[in-house]
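Here's the structure we're looking at; comments come further down.
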Amino acid sequence: MLVVDVPEIYGSCDARFAEVCSALARNFREHGEVGAAVAITIDGRPVVDIWAGWADRARTRPWQRNTLVNVFSVGKAMVALSLLILVERGLVDLDAPVARYWPEFAARGKRDVTVRMLLCHRAGLPAIRRPLPSLAMYDWALMTSALAEEEPWWEPGRKHGYHVNTFGFLVGEIVRRVSGERAGAFFRREVAGPLAAEFHFGIGPEHDARIADYLLPESDEHLADYLVAGEPSQIGDDGEERRLLLRRVYANPPGLSGFGTVNTRAWRAAEMPSTNGHASARAVARVYSALACGGATGGFRLLRAETIEHAITEASAGLDVILRRPTRFGLGFQLTRPECPLGTNPRSFGHFGAGGALGFADPDARLAFAYTMNQPGPRWQNPRNRALIDAVYASL
């Protein structure tokens, strides 16, 4: 067991949720936390807003109230939310072919791929086969054109597999085609701005001093081995074909998953909604607080309740052909499941991010939860976010 000094915890916490502060302290003491923040709302009211630790590897920059950090796949739910806004307005039909909005997408057997299939990871486009040049992920037009030209890796609609790094480009391009705005600008205008939520897709250099370094290894040389190891598998195929698929999913182009790139100015400036959203825990909780309360908070309506209900209805479940374990998805949201529960209520929904970051809404408790950090933990059943969630529900 790793034992370290526990940094001072700052912020505010209702006495009822004191155990959440204790759980955060234990994460530093026992689980190698470096810097982190936790935010929780109930009925739209903040009840926990705490932070502690360090924003850099050398532990010279304290984590502060306005610290932002890369939250990786937490952003998938945010770009999906942008598309759901367009669906609710009648501008996008979930069951229409993607090619209705993005004509080039129809190439190579994708004419019948629907918007719904993209949102629930059934489109068969988890990776691009042809090798792309290093850092090509910063070029939106290159990435989306490569995806439009890609042949599905499986028959669309027949099974599901987590679109780890392509989801944001696929969904974000529909947002761009329909709204006329880049995904980051649309999200800022329609969601982050009205909610006063500091969540950025593409962030300028004026914010660098308050962005925490994300402490990934500097090289992706052994990325495929890292991804194959350490997780339960119900497929059992770790052969070269499987490794090639993983390399394309996670490292085509090189740097796609953040190894060696995550803390660079180019990474922060780009728009990659699957991977490079920068946010505070407070911002993530603010968005989910609206979703937990029937779609509205603080006088602002984000979505209608019936749109949320449709989005959190199970659309994909069972064995995930990319992650090699059971997963559950609605339309852009991960749904709670026994091995990775989002609290104790069955209707909870949200999204995990690499290394343990998490945001979710529990509409039964009208509760929103967010956890951000810069020291990645286990990719599967992270003990840090689980301890915090358990502490929340023990306090209710």
Centroid-centroid distance, H278 to H207, less than 6.0 Å: no
Between E339 and R328, is there a salt bridge with N-O shorter than 4.0 Å? no
Say whether, by atom type as modelled, one donor and one acceptor occur between the side chain of R282 and the main chain of R65 under 3.5 angstrom. yes
Sole residue of F333, Y162, W154 in ring-ring contact (aromatic ring centres under 6.0 Å, His included) with H121: Y162
Between F369 and L342, is there a side-chain heavy-atom distance shorter than 4.5 Å? no
Just one of R59, R57, R268 clears the salt bridge (Lys or Arg N to Asp or Glu O under 4.0 Å) bar with D213, so which one? R268
Donor-acceptor contacts under 3.5 Å from residues 387-396 side chains, at least two apart:
residue: D390; atom: OD1; partner: R386; partner atom: NE; Å: 3.3
residue: Y393; atom: OH; partner: D362; partner atom: OD2; Å: 2.7
residue: S395; atom: OG; partner: A391; partner atom: O; Å: 2.7

Sidechain-backbone polar pair: S257 side chain, F259 backbone, donor-acceptor under 3.5 Å: no
Between R129 and W153, is NZ or CZ placed under 6.0 angstrom from the six-membered ring centre and within 45° of the ring axis? yes
Could you please spell out the steps behind the side chain to side chain donor-acceptor pair (under 3.5 Å) verdict for W63 and N374? CA-CA 10 Å; W63 197 288; N374 63 348; over 6 Å; no
Side chains of T114 and L94: does their closest heavy-atom pair fall under 4.5 Å? no
Between R210 and E198, is the closest basic N to carboxylate O distance under 4.0 Å? yes
Hey, are the side chains of L170 and W102 touching, using non-hydrogen atoms and a 4.5 Å cut-off? yes
Side chains of D14 and R45 in contact at under 4.5 Å (non-hydrogen atoms): yes
Please check if the side chain of D56 supplies one atom and the backbone of R61 the other of a donor-acceptor pair under 3.5 Å. yes
Could you tell me whether the side chain of H163 and the main chain of L125 form a donor-acceptor pair under 3.5 Å? yes
Rounded to the nearest 0.5 Å, how far does CG of D49 lie from CZ of R286? 12.0 Å
Is it true that a side-chain atom of R301 and a backbone atom of G294 form a donor plus acceptor pair closer than 3.5 Å? yes
Checking N70 side chain against T275 main chain: does a donor-acceptor pair fall under 3.5 Å? yes
Apply side chain to side chain contact (heavy atoms under 4.5 Å, CB included) to the pair F352 and N382, showing each step before the final yes or no. CA-CA 10 Å; F352 289 90; N382 188 295; over 6 Å; no
Would you indicate whether the side-chain heavy atoms of Y138 and T261 approach each other to under 4.5 Å? yes
R100: side chain to side chain donor-acceptor pair (under 3.5 Å) partners, not counting sequence neighbours: none
Ion pair present between E104 and R177, side-chain N to carboxylate O less than 4.0 angstrom? yes
Looking at side-chain heavy atoms only, is the closest gap between D93 and V115 below 4.5 Å? no
Should E173 and R176 count as an ion pair when the cut-off is N to O under 4.0 Å? yes
